[in-house]
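Quantities reported herein were computed from a predicted structural model and do not represent experimental measurements. Position 1 is the first residue of the sequence, and the numbers go up from there.
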Amino acid sequence: FKKKGKLIDCVENEPQFFEALKPLARTVAWTLDALPGQYDGIVSVNVLEHIENDRGTLRELYAKLKPGGVLNLYLPASQILYGHLDALVHHFRRYDRADLIEKVKAAGFEVEEVFNVDAVGFLAFGLYKILRWGDGTITPGSMTFYDNVVFPFTYIVDPLVGRSFGRSIYLRARKKGIFNES
């Protein structure tokens, strides 16, 4: 965002990440309530699964958007994959498409687009869950291997399966009303 000249505000409640975000954002706050005003858009990447009351948070996000504002969510998908790795990183849940759509609509949003991402990762996580490999620790080496060797195959596989399943899910929704860019 910064390279494109976009000013962003961030919410981060993990102290180890708070300081790292300061140079990248106009404002870094501990809570959503600490941010003033409303926004044209909100991006949330791998956050809601860590919040027990995700419905309440979705209502708070709705209130923080201007009429016509856009919400972009990227979340772990497929509750069937929920396992010890999720518990280790303090996930309350993973998201199935129908459940996510219902929660977002219940908060007042109009859902515009939703699809799964990383079908290869779905298969890898399923195998990992069944075999219970390791203790769930993710190392920089394992992340690098996955990102450089496994994940590129998702660009081939995802379109072939129609983005119908995956390790993650993307949703774009809009707050009802007229979008005003001024």
Side-chain angles (χ1 to χ4, degrees), residues 1-79 81-96 99-114 117-118 121 135-140 142-144 146-147 167-177 179-182:
F1 289 105
K2 194 170 190 173
K3 286 180 184 176
K4 293 188 178 221
K6 304 286 183 184
L7 296 176
I8 63 168
D9 294 333
C10 295
V11 175
E12 179 56 66
N13 63 4
E14 293 285 342
Q16 69 269 25
F17 302 125
F18 192 87
E19 291 300 320
L21 288 170
K22 278 186 176 179
L24 304 174
R26 176 178 59 185
T27 304
V28 181
W30 293 99
T31 67
L32 192 59
D33 290 338
L35 294 176
Q38 291 182 304
Y39 293 85
D40 296 324
I42 294 175
V43 176
S44 174
V45 178
N46 294 325
V47 174
L48 282 181
E49 69 274 13
H50 295 279
I51 300 171
E52 189 168 9
N53 182 8
D54 57 347
R55 288 179 182 272
T57 299
L58 285 165
R59 288 189 300 272
E60 290 175 27
L61 292 171
Y62 186 87
K64 276 293 183 187
L65 280 172
K66 294 177 184 176
V70 176
L71 173 68
N72 292 278
L73 298 175
Y74 189 83
L75 304 158
S78 305
Q79 184 62 22
L81 292 179
Y82 190 93
H84 72 285
L85 180 57
D86 290 287
L88 185 69
V89 294
H90 310 290
H91 288 178
F92 285 98
R93 73 200 65 77
R94 298 179 75 85
Y95 288 89
D96 292 313
D99 181 51
L100 179 59
I101 290 170
E102 184 276 322
K103 287 179 178 184
V104 170
K105 284 183 174 181
F109 290 97
E110 295 175 348
V111 174
E112 295 183 343
E113 181 176 30
V114 60
V117 178
D118 193 7
D135 62 1
T137 303
I138 299 173
T139 66
S142 65
M143 286 180 66
T144 300
Y146 185 84
D147 290 345
R167 181 179 59 92
S168 298
I169 191 166
Y170 168 78
L171 179 138
R172 183 181 68 237
R174 189 172 299 274
K175 182 174 183 174
K176 297 172 185 171
F179 184 72
N180 182 0
E181 290 195 38
S182 60

- Message: Are Leu32 and Thr57 packed together at the side-chain level, in the sense that at least one heavy-atom pair is separated by less than 4.5 angstrom?
- Response: no
- Closest non-hydrogen atoms of Glu12 and Leu21, given as atom of the first, atom of the second and distance, are CB-CD1, 3.7 Å
- Contacts of type side chain to side chain contact (heavy atoms under 4.5 Å, CB included), residue Asp54, not counting sequence neighbours: Leu48, Arg93, Tyr95, Lys103
- Near Glu52 CD, under 6.0 Å, is it more than 12 heavy atoms from other residues, nucleotides or ligands? no
- side-chain hydrogen bond (donor to acceptor under 3.5 Å, both in side chains) filter on Glu112, not counting sequence neighbours, yields Arg172, Arg174
- Task: Provide the closest heavy-atom pair for Leu81 versus Arg167 in the form atom of the first, atom of the second, distance.
- Result: CD1-CA, 4.4 Å
- Message: Applying side chain to side chain contact (heavy atoms under 4.5 Å, CB included), can you list everything that pairs with Ala106, at least two apart in sequence or on another chain?
- Response: Arg55, Glu102
- Compare all side-chain heavy atoms of Leu100 with those of Leu73 and state whether any distance is below 4.5 angstrom. yes
- Task: Not counting sequence neighbours, list each pair that qualifies as a salt bridge (Lys or Arg N to Asp or Glu O under 4.0 Å) and has a residue in residues 83-92.
- Result: Asp86-Arg94
- Please round to the nearest 0.5 Å and tell me the distance separating atom CD of Glu60 and atom CG of Asn53. 8.0 Å
- Task: Looking only at non-hydrogen atoms, find the nearest pair between Val111 and Lys105 and report the distance.
- Result: CG2-CG, 4.0 Å
- Message: If the condition is side-chain hydrogen bond (donor to acceptor under 3.5 Å, both in side chains), which residues does Asp96 pass it with, not counting sequence neighbours?
- Response: none
- Query: CZ of Phe1: more than 12 outside heavy atoms within 6.0 angstrom?
  - Reply: no
- Query: With sequence neighbours excluded, what pairs up with Ala20 under the side chain to side chain contact (heavy atoms under 4.5 Å, CB included) test?
  - Reply: none
- Query: Going from CD1 on Ile51 to CG on Leu58, what distance comes out if it is rounded to the nearest 0.5 angstrom?
  - Reply: 8.5 Å
- Task: Using the test salt bridge (charged side-chain N to carboxylate O under 4.0 Å, His left out), find all partners of Lys22 that sit at least two apart in sequence or belong to another chain.
- Result: Glu19
- How long is the span from the CD1 atom in Ile42 to the CG atom in Leu61, to the nearest 0.5 Å? 5.0 Å
- Query: Would you say the side chain of Lys175 lies within less than 4.5 Å of the side chain of Lys66, judging by non-hydrogen atoms?
  - Reply: no
- List in chain and number order the residues that pass side chain to side chain contact (heavy atoms under 4.5 Å, CB included) with Tyr74, two or more places apart in sequence or in another chain; answer none if no residue qualifies. Val45, Asn46, Val117, Ser168, Tyr170
- So, does Glu49 use its side chain to make a donor-acceptor pair with the main chain of Val47 at under 3.5 Å? yes
- Query: Can you tell me how far CG of Leu65 sits from CG of Leu71, rounded to the nearest 0.5 angstrom?
  - Reply: 6.5 Å
- Task: Name all pairs fulfilling the ring pair (Phe, Tyr, Trp, His ring centres under 6.0 Å) condition that reach into residues 26-71, sequence neighbours left out, sorted by first residue then second.
- Result: Phe18-Trp30, His50-His91, Tyr62-Phe109
